[in-house]
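The block underneath contains the structure these notes are about, expressed in structure tokens.
When reading the values below, keep in mind they use all heavy atoms of this one structure, side chains included, and skip hydrogens, waters and symmetry mates. These numbers were taken from a predicted model, which means no experiment stands behind them.
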Amino acid sequence: MTRPTPLSGFPEWLPGQQIVEQRFVERLRSVFELHGFAPVETRAVEPLDQLLRKGETSKEVYVLRRLQATPEDTSDEQLGLHFDLTVPFARYVLEHAGKLQFPFRRYQIQKVWRGESPQAGRYREFRQADIDIVDRDEVGLHYDYELPLVAAEALAGLPIPPVVIHTSNRKLAQGFYRGLGVEDPAAVLRIVDKLDKIGPDKVVAALVAEGLSDGQAKACLSLAEVVTPDASFVERVAALGVSDPLLDEGLAELATVLSAASELAPGLLVADLSIARGLDYYTGTVYEGKMRGFEKSGAVCAGGRYDNLASTGTDRFPGVGISIGVSRILGLLFGSGALSASRPVPTCVLVALPDEARRRECDRIAVALRARGIPVEVAPTAAKYGKQIRYADRRGIPFVWFPGEEAGAGEVKDIRSGDQAPADPATWVPPAEDLHPTLG
RNA sequence: GUGGCUGUAGCUCAGUUGGCAGAGCACCGGGUUGUGGUCCCGGGUGUCGGGGGUUCAAAUCCCCUCAGUCACCCCA
């Protein structure tokens with residue numbers, strides 16, 4: 001048996017990192033629930049036609065197939081692993097609409113799969129944390145600022161660099177391009193989106209190469225260069241002299257979002273009219289959150305409004321949502337050594353074992369401590385005390401408990417300070433910050 | 001999916017025109033029959049990412065492949 005090698009794009013964390021991820025997810029969940037979002041989990045697979053209902057995402061989807069399937073057997077052939085949590089949620093809403101109350105707010109924290117080529121912070125299997133609100137027929141515009149603010153609040157409570165959510169509106173851009181007489185708005189969006197990467201001159205050149213006139217290209221660039229912390233982008237766009245009803249609609253929507261956000265949580269959202277990307281089901285507001293110091297590594301959260309994702313012939317459930325890239329954030333910060341747990345094991349106390357014959361006595365000490373919620377393990381062997389202390393030290397376990405010569409007369413040592421004092425397993429408590437591993 | 005760079009011990013890396021696989025840190029044992037970290041002594045712990053080829057001889061040259069990374073594409 002040769003040693004297994006990693007699988008490209010399928011990261012696995014070490015225990016210390018897994019502890020970080022769990023703390024991280026717990027934090028997100030608690031903030032989501034604080035805002036009244038209900039938990040949902042969907043199956044890992046969806047019918048392929050559900051996944052591909054919108055846009056050209058087929059190349060990203062992993063398809064499921066039974067190993068023993070005969071060529072004639074196509075029963076599973078239509079299943080694919082979900083590549084995000086929004087499409088499965090839209091399906092879930094339609095399927096359970098009769099049992100849900102609208103507007104429906106849910107959070108969903110699960111892994112998703114995409115057949116992309118991996119890079120730093122970019123995986124084929126990764127965890128996302130989504131919040132979405134859907135409603136029947138119409139979903140209120142106020143949700144367009146509520147959701148990014150909840151996501152920002154959840155992230156702000158974690159020991160990570162600040163995240164700023166860049167916000168734009170698909171209608172605004174599309175209306176602008178239409179008013180300008182541009183033929184292929186999608187191509188323009190793709191080019192304009194690279195502004196921060198390739199710079200204004202190359203953007204104009206690429207737009208001209210796409211068939212735009214010099215004037216059109218410069219107008220598109222001017223729009224993309226608009227970045228404001230509040231609703232003042234409206235005047236900036238108006239000054240560009242393009243008029244179109246869809247543009248006006250987009251401007252009004254984005255203005256509502258930005259004026260609310262700049263008042264409720266200054267600095268978390270910026271209007272950035274170069275933001276164009278994201279999955280193709282977005283129809284209005286779009287978000288792209290960037291983490292300070294990691295702007296080049298792409299968005300750490302993203303989302304937007306989707307008016308047409310969930311609809312049967314008669315019912316329509318528009319929604320707005322945002323997705324936090326848990327694996328990406330963790331991968332980037334682990335890679336730069338900027339995030340770790342205070343210790344790679346949950347254990348708070350190691351009960352030292354003086355003699356194998358006294359193991360039962362040590363077990364009783366452990367039981368007494370655990371009964372009060374203190375994570376404890378008993379030393380694996382009756383090695384020299386020096387080795388047992390080192391066992392704890394290597395794992396970052398802060399306390400070693402030494403049983404006394406007589407039952408109940410033990411001592412506990414803080415191995416960081418070396419302080420050691422008599423203690424009773426029935427009453428001793430560690431400092432609150434040592435009870436469980438913390439993020440740092 | 002396309003292209004560039006990289007891959008040697010747990011980690012960071014050295015390894016000459018092809019000639020016995022190395023260093024620092026980490027780790028293990030002992031000094032120290034029972035309270036660690038310092039210090040001293042001892043130990044290399046390795047399919048040189050994997051497979052194939054050239055050669056008397058390959059970590060070194062060639063081909064393929066896997067992984068990491070960067071750019072593109074796309075995106076969390």
| query | Under 30°, 30 to 60°, or over 60°: which ring-plane class applies to A:Phe402 and A:Tyr385, parallel, tilted or perpendicular? | reply |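 Correct class here is tilted.
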| said: How many whole angstroms separate atom CZ of A:Arg122 from atom P of B:A76? | reply: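 One finds 11 Å between P of B:A76 and CZ of A:Arg122, rounded.
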| query | Checking all strands, does A:Gly121 fall into the base, sugar-phosphate, or nothing category for heavy-atom contacts under 4.0 angstrom? | reply |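 Base, at least one base heavy atom under 4.0 Å.
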| request: Determine the contact category for A:Tyr123: base if any of its heavy atoms lies under 4.0 Å from a base atom, sugar-phosphate if only primed atoms, P, OP1 or OP2 are that close, otherwise nothing. | output: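 If one applies the 4.0 Å heavy-atom cut-off, A:Tyr123 turns out to touch a base.
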| query | side chain to side chain contact (heavy atoms under 4.5 Å, CB included) with A:Tyr306: which of A:Val134, A:Val320, A:Val139? | reply |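 When side chain to side chain contact (heavy atoms under 4.5 Å, CB included) is applied between A:Tyr306 and each of A:Val134, A:Val320, A:Val139, only A:Val134 qualifies.
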If you measure from the [atom1] atom in [N] to the same atom in [M], how many Å do you get, rounded?
N     : M     : atom1 : result
B:G50 : B:A59 : C1'   : 14 Å
B:G37 : B:U17 : C1'   : 48 Å
B:G46 : B:G3  : P     : 37 Å
B:C28 : B:A67 : C1'   : 30 Å
B:G1  : B:U45 : P     : 39 Å
B:G4  : B:U8  : C1'   : 22 Å
B:C62 : B:C5  : P     : 12 Å
B:A23 : B:C70 : P     : 33 Å

| task | Can you run through RNA chain B from 5' to 3' and write each base as (, ), [, ], | or . depending on how it pairs? Watson-Crick or G-U wobble, both distances under 3.5 Å. | result | (((((((..((((.....[..))))((((((.......))))).)...(((((..]....))))))))))))....
| request: Identify whether the distance between the nearest side-chain nitrogen and carboxylate oxygen of A:Lys290 and A:Asp272 falls below 4.0 Å. | output: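 Here A:Lys290 does not pair with A:Asp272 in a salt bridge, since their nearest N and O are not under 4.0 Å apart.
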| said: I'd like to know if A:Arg105 pairs up with A:Glu146 as an ion pair, taking the criterion as any Lys NZ or Arg NE/NH1/NH2 lying under 4.0 Å from an Asp or Glu carboxylate oxygen. | reply: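 Result for this pair is yes, salt bridge flagged.
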| field | Short side-chain N/O contact to B:C74 OP1/OP2 from A:Arg190, under 4.0 Å | value |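 For B:C74, OP1/OP2 do have a side-chain N/O of A:Arg190 under 4.0 Å.
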| task | Report yes if a side-chain nitrogen or oxygen of A:Lys290 is closer than 4.0 Å to either non-bridging phosphate oxygen (OP1 or OP2) of B:A76; otherwise report no. | result |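 Answer is no, no contact under 4.0 Å.
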| salt bridge (Lys or Arg N to Asp or Glu O under 4.0 Å) contacts in which one or both residues fall within residues 430-440 of chain A, not counting sequence neighbours |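 Counting only pairs at least two positions apart or across chains, the salt bridge (Lys or Arg N to Asp or Glu O under 4.0 Å) contacts touching residues 430-440 of chain A are A:Arg416-A:Asp434.
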| According to the salt bridge (Lys or Arg N to Asp or Glu O under 4.0 Å) rule, which pairs have a member within residues 334-348 of chain A, sequence neighbours left out? |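 Every pair satisfying salt bridge (Lys or Arg N to Asp or Glu O under 4.0 Å) with a residue in residues 334-348 of chain A: there are none.
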Which nucleotide in the set [options] lies at the smallest distance from any side-chain heavy atom of [X]?
X        : options             : result
A:Ser117 : B:C70, B:G68, B:G1  : B:G1
A:Pro118 : B:C74, B:A76, B:G68 : B:G68
A:Leu7   : B:C74, B:A67, B:A76 : B:A67

| Pairs flagged by side chain to side chain donor-acceptor pair (under 3.5 Å) wherever residues 29-48 of chain A is involved - sequence neighbours left out |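 Pairs touching residues 29-48 of chain A that pass the test: A:Glu33-A:Tyr107, A:His35-A:Glu153, A:Thr42-A:Gln108, A:Arg43-A:Glu46, A:Glu46-A:Arg91.
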| query | Starting at the 5' end of RNA chain B, which residue's closest nucleotide do you reach first, A:Ser8 or A:Arg328? | reply |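 The answer here is A:Ser8.
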| query | 5'-most contact on RNA chain B: A:Gly9 or A:Cys301, nearest heavy atom basis? | reply |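 The residue whose closest nucleotide sits nearer the 5' end is A:Gly9.
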| task | Just grab all the ring-ring contact (aromatic ring centres under 6.0 Å, His included) pairs involving residues 333-361 of chain A, residues at least two apart or on different chains. | result |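 For residues 333-361 of chain A: A:Trp13-A:Phe334.
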| message | Please check this pair: side chain of A:His82 against backbone of A:Lys111, looking for a donor-acceptor N/O pair closer than 3.5 Å. | response |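 Checked: pair present.
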| Qualifying residue for salt bridge (charged side-chain N to carboxylate O under 4.0 Å, His left out) with A:Arg305, from A:Asp135, A:Asp144, A:Asp132 |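 Of all the options given, the one that passes is A:Asp144.
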| query | Using a cut-off of 4.0 Å between protein heavy atoms and nucleotide atoms, how would you tag nucleotides 29-41 of chain B 5' to 3' with B, S and -? | reply | SSSS-BBBB----
